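Keep in mind that what you see is a predicted model, and the values were worked out from it rather than measured. For ligands, and for the atoms within them, numbers begin at 1 and follow the listed sequence.
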Amino acid sequence: MTARSTAATATRLAFLPESSLPPAVAWDGDGIRFLDQRALPFEIRVERARNADEIVAAIASLAVRGAPCIGVFGAYGIALLRRTVSDDNAFLAAAARVRAARPTAVNLAWAVDRVLASKDMLAEAEAIHREQEAVDAAIARHGAALMCDRARVITHCHTGGIATAGQGTALGIIIAAHRDGKQPTVFVNETRPLLQGARLTEFELRSAGVEAVLQVDSAAAVAMAREEIDLVLVGADRIARNGDTANKIGTYALAVLASHHGIPFYVAAPLSTFDARIETGADIPIEQRAPSEVTAFRTAPSAHPEARVFNPAFDVTPHHLVTAFVTERGILRPPYREAIDEVLRVSR
Ligand code: MRU
């Protein structure tokens, strides 16, 4: 976080026990409270954003992360700025900065635009938040059809409750299947370089009582070859009109591996992650992040500090590698151009 950010609460624990995490995002009257996801699973740290600098810093630093979650947070951010920035030009400039804080996940721009176009910005932000909770529940219901008894699943990055400010997308499906008694086992890619899988997914599955096996990303191939994997289930940050899907770096490799091993590859995402203005994945802007995320983990160096680094935060999985999408409106199967156009036409 920037120096301007204020730690409202910090509870330090060696490792967190069963979770009763505070909400990922909450409006508190004259600020937005958020759970700093960078601190998990070692510490519950709740912070507050009160101005554009703090909102942008929270999103850009991945303190608040996950496509739907940054949408909800950005929506409250715009409502907050409208209350605190009286000059219209200054307000619009600040809103544009929030909208651009992360370029790949379309949920952020979608939510900011929706709030900006509304009459009561706080009511609209609250509606986006409540809708996300309902959407997650619907995704979990529809996704149940993909989960056989004792399913062995590989997932990547983190798609749980704190990534959506709801109950999660791909992880929400898995946890719902566990609650239905299906006893899934989840192979969790640690998700280099920032370890969202190791820090957040393993922790959330552990907290829910789901069997989780942590693996380095490069173990996915041998897991598919030897561990009787039934399916791969991941989230998304932006889905083009033809079904090409941007998600956390490493997702494309996983999809190629799944195709090679004849394993179905599913993407769970709300319709707010589909971008009808973008025809193919070639047009999805891919965020490049700092070399320091690869040359060190937190403060521990892992390479020469001046190493040249290639650090795209996302990759694009071509649509032909996606077996199906799980949305709040049901499961979409190829041909995706028609299925996506139809579901967006009915929903918007
Ligand atoms: O860079 P991150 O951690 O925000 O990337 C997140 C992902 O790639 C998630 O899979 C995606 O946002 C879906 S969250 C439900």
**Request:** Compute whether any side-chain donor of one residue and acceptor of the other, for Gln183 and His178, lie under 3.5 angstrom apart.
**Result:** no
**Message:** Check whether Lys248 reaches the backbone of Ala313 with its side chain - one donor and one acceptor, N or O, closer than 3.5 Å.
**Reply:** yes
**Asked** Does ligand 1 have a heavy atom under 4.0 Å from the side chain of Thr169, from its backbone, from both, or from neither?
**Response** side chain
**Request:** Using atom types as modelled and distance alone, determine if a side-chain donor or acceptor of Arg199 lies under 3.5 Å from a backbone N or O of Leu194.
**Result:** yes
**Fill in**
The answer for which part of Gln196 has a heavy atom under 4.0 Å from ligand 1 is side chain
**Prompt:** Looking at Pro68, which atoms of ligand 1 are within less than 4.0 Å of one of its heavy atoms?
**Reply:** 14 (S), 15 (C)
**Prompt:** Among all protein non-hydrogen atoms, which one is nearest to atom 5 (O) of ligand 1, and what is the separation to 0.1 Å?
**Reply:** Lys248 CE, 3.3 Å
**Prompt:** Under 3.5 Å between some N or O of ligand 1 and some N or O of Gly66?
**Reply:** yes
**Item:** Which segment of Arg102 sits under 4.0 Å of ligand 1 when only heavy atoms are counted
**Value:** side chain
**Prompt:** If you count the non-hydrogen atoms of other residues, nucleotides and ligands that lie under 6.0 Å from NE2 in His260, is the total more than 12?
**Reply:** no
**Message:** Taking 4.0 angstrom as the limit and counting only heavy atoms of Thr164, give me the atoms of ligand 1 inside it, by number and element.
**Reply:** 15 (C)
**Message:** The test is side chain to side chain contact (heavy atoms under 4.5 Å, CB included); show your working for Val186 and Val213 and say whether it passes.
**Reply:** CA-CA 6 Å; Val186 188; Val213 182; over 6 Å; no
**Asked** Which is closest to atom 13 (C) of ligand 1 in terms of heavy atoms, Ala105, Ala163, Gly166, Ala236?
**Response** Ala236
**Asked** Any N or O of Asp237 that comes nearer than 3.5 Å to an N or O of ligand 1?
**Response** yes
**Item:** Residue part near ligand 1, for Ala67, under 4.0 Å between non-hydrogen atoms
**Value:** both
**Item:** Separation between CD of Glu204 and CD1 of Ile175, rounded to the nearest 0.5 Å
**Value:** 4.5 Å
**Request:** Ignoring hydrogens and angles, tell me if any N or O in the side chain of Asp244 forms a donor-acceptor pair with the backbone of His319 under 3.5 Å.
**Result:** yes
**Complete:** Taking only non-hydrogen atoms of Arg65 and a 4.0 Å limit, the atoms of ligand 1 in range are 2 (P), 3 (O), 4 (O), 6 (C)
**Asked** Minimum heavy-atom separation for Asp136 to Thr169, with atom names?
**Response** OD1-CG2, 4.0 Å
**Message:** Show me which atoms of ligand 1 lie under 4.0 Å from any heavy atom of Asn247.
**Reply:** 7 (C), 8 (O), 9 (C), 10 (O), 11 (C)
**Asked** For Thr159, is at least one N or O under 3.5 Å away from an N or O on ligand 1?
**Response** no
**Minimal non-hydrogen separation, Ala140 against Ile173, with atom names** = CA-CG1, 3.9 Å
**Asked** Which ligand 1 atoms, with their elements, are less than 4.0 angstrom from a heavy-atom of Cys157?
**Response** 3 (O), 5 (O), 6 (C), 7 (C), 8 (O)
